[in-house]
Asks: 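Here it is: the structure, laid out below.
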Amino acid sequence: MKSKTRFICQNCGASFPKWAGKCDNCQEWGTLVEQVGIPETEAKSALKKAQVSGKKLDYAGISKIEAADSKERLKTEFEDLNTVLGGGILMGSVNLLAGQPGIGKSTILMQICAEISKTRPVLYVSGEESAGQVKMRAVRLGAESDNLNFASSTSANDIAKTIETSEFALVIIDSIQTLAMDEISSAPGTVSQVTNCGNLIIRAAKATDTAVIIVGHVTKEGTLAGPKVLEHLVDVVINFEGDRYGGFKTIRAVKNRFGSTSEVAIFEMDEKGLKEVKNPSAALLAERQNTDGSIILATLEGTRPILVEIQALVAPSNFGYPKRTASGFDLNRLQLLIAVIERRTKLKLDDKDIFINVVGGMKLNDSAADLAVCMAIASATAGRKLSEDYVVFGEVGLGGEIRSAFRPDQRIAEAKKLGFKHAIAPATTKDKFVIPAKDLRETLIKYVNEK
Ligand code: TYD
Ligand code: MG
């Protein structure tokens, strides 16, 4: 029987009969990989067999079913991480920890193992590092315990079998990209390997109520290479983000079948591993120098208020086309805000390069950062500082109007706590602390434009 070759896009999973440089479905370049699939006749006979082999479902009244969250949760030593997970790692849940290489995934998992293996048996499986390497890290992080076991393996079959023994409360798999299933010929990390290995492991975890954490590497652009398909299969997806060289790193849930996705945990790496940062605002503002172009934004990370410095640098463009760069802030949003400033105020920016930096490696995901970014740009252009007692928040609309922000009370409370005197904030915010801002032009003229 002739087996059929297909080309599968590793980004979106679309399948093509011929190879091409660009995927027609998702427009990504260089993502098609050859895969030898099962022959069509075999697939047809499998379908026939499946039609007769099914049994009636074993259903039960919903009121009689035990809720999933009534199960035990394994607590990590990190309080905020437990909150992100919805109260700890749920027994029987499969969790995907996604992040760029080098961000600290293996480190935090070893720290989690250290805590949980104090009371429960844990297995750490690595397909990337040798036993010796993992041991070194375990010693450094103080994770040596009789309950913590290590195996080096890249076989999904073996790992699933091991999970099925029910010997472990928690199994760590580092990483999904290294795993392969014997029955599948394609290379590790391809869509079919990732999906099938994932399914095999999920089944074993559910059958035995074992908690599993799977590591998935993501590319620089933030997409889960390969494991994107895994996101749909697992219960919880947590993203590890930030700068791999210093700065703050955040862990947030992007999917959680057993909890909310609005919480974040903030970490810092030192020689003893990762540490939770309990007061990020104070740490972020510690090195502040009040210059022009520097604005303190009262933002939210999940439901947590944080004060963070936004810096703008504005310089004349050398070439006809002005350069715009943003670190920690969405570049498209920056372009839009620049257009709004140009159209709604008299500020001329089309001959200037603009650079925006969010201090401390934070990645803003908050529309209320708009006003602070606009003020930073205006302040840098005019060379005029904003008084250091002020924090800023508010969304800027296309008409230059300043719109209300989510959870203003928490932002204000955090600013008060850190000794600020006023907040320049949307006029709808009712608080004595707030200096109401209605319109972008008025606000810029009043606080940061040239006099
Ligand atoms: P690692 O956890 O191996 O990253 P990942 O598994 O996500 O690829 O480690 C990331 C970096 O952290 C590594 O380059 C070394 C550094 N590091 C520390 O600074 N302190 C520590 O205690 C450890 C274990 C690692
Ligand atoms: Mg690693």
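One-based numbering, in listed order, for ligands and for the atoms of each.
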Asks: Which is closest to atom 20 (N) of ligand 1 in terms of heavy atoms, T107, D270, L97?
Replies: D270

Asks: Any protein heavy atom under 4.0 Å from atom 13 (C) of ligand 1?
Replies: no

Asks: Using a 3.5 Å cut-off on N or O atoms only, is H217 in polar contact with ligand 1?
Replies: no

Asks: To which protein heavy atom is atom 10 (C) of ligand 1 closest, and what is the distance rounded to 0.1 Å?
Replies: G102 O, 3.1 Å

Asks: To the nearest 0.5 Å, what is the distance between CG (D158) and CD1 (I163)?
Replies: 11.0 Å

Asks: Can you find a non-hydrogen atom of L141 under 4.0 Å from ligand 1?
Replies: yes

Asks: In a check of side chain to side chain contact (heavy atoms under 4.5 Å, CB included) between V215 and each of T178, D174, I176, L96, which one passes?
Replies: D174

Asks: Which residue supplies the protein heavy atom nearest to atom 3 (O) of ligand 1, what is that atom called, and how far is it?
Replies: R137 NH2, 3.0 Å

Asks: Hey, does P101 sit under 4.0 Å from ligand 1 if you only count heavy atoms?
Replies: yes

Asks: Does the protein put a heavy atom less than 4.0 Å from atom 24 (C) of ligand 1?
Replies: yes

Asks: Below 4.0 Å, non-hydrogen atoms only: which portion of M269 touches ligand 1? Side chain, backbone, both or neither.
Replies: side chain

Asks: Going by heavy atoms in the side chains, are L179 and P188 under 4.5 Å from each other?
Replies: no

Asks: Would you call E77 and K275 a salt bridge, taking side-chain N to carboxylate O under 4.0 Å as the test?
Replies: no

Asks: Is D370 salt-bridged to R403, going by a charged N under 4.0 Å from an acidic O?
Replies: no

Asks: Can you tell whether the side chains of D235 and R257 come within less than 4.0 Å, N to carboxylate O?
Replies: yes

Asks: Pick one of side chain, backbone, both or neither for how K272 approaches ligand 1, counting any non-hydrogen atom pair under 4.0 Å.
Replies: backbone

Asks: Does an N or O anywhere in S106 fall below 3.5 Å from an N or O of ligand 1?
Replies: yes

Asks: Are any of the side-chain nitrogens in E115 or K118 under 4.0 Å away from the carboxylate oxygens of its partner?
Replies: yes

Asks: How far is atom 4 (O) of ligand 1 from its nearest protein heavy atom, and which residue and atom is that?
Replies: G104 N, 3.2 Å

Asks: Distance from I89 atom CD1 to I213 atom CD1, nearest 0.5 Å?
Replies: 4.0 Å

Asks: Give a yes-or-no answer on whether the side chains of S192 and S186 include a donor-acceptor pair shorter than 3.5 Å.
Replies: yes

Asks: One residue to check: M110. Relative to ligand 1, which of side chain, backbone, both or neither has a non-hydrogen atom less than 4.0 Å away?
Replies: neither

Asks: Do me a favour and list the nearest non-hydrogen protein atom to atom 7 (O) of ligand 1 with residue, atom name and distance?
Replies: K105 N, 2.7 Å

Asks: Can you sort out which atoms of ligand 1 are near R140, meaning under 4.0 Å from one of its heavy atoms?
Replies: 20 (N), 21 (C), 22 (O), 23 (C), 24 (C)

Asks: Name the one of K363, K249, R252 that satisfies salt bridge (charged side-chain N to carboxylate O under 4.0 Å, His left out) with E301?
Replies: R252

Asks: Taking 2.8 Å as the cut-off, does S106 contribute an N, O or S atom near the Mg ion (ligand 2), distance below it?
Replies: yes

Asks: Grab the two heavy atoms, one from E309 and one from Q289, that are nearest each other, plus how far apart they are.
Replies: OE2-O, 4.2 Å

Asks: Please check if a non-hydrogen protein atom sits closer than 4.0 Å to atom 17 (N) of ligand 1.
Replies: yes

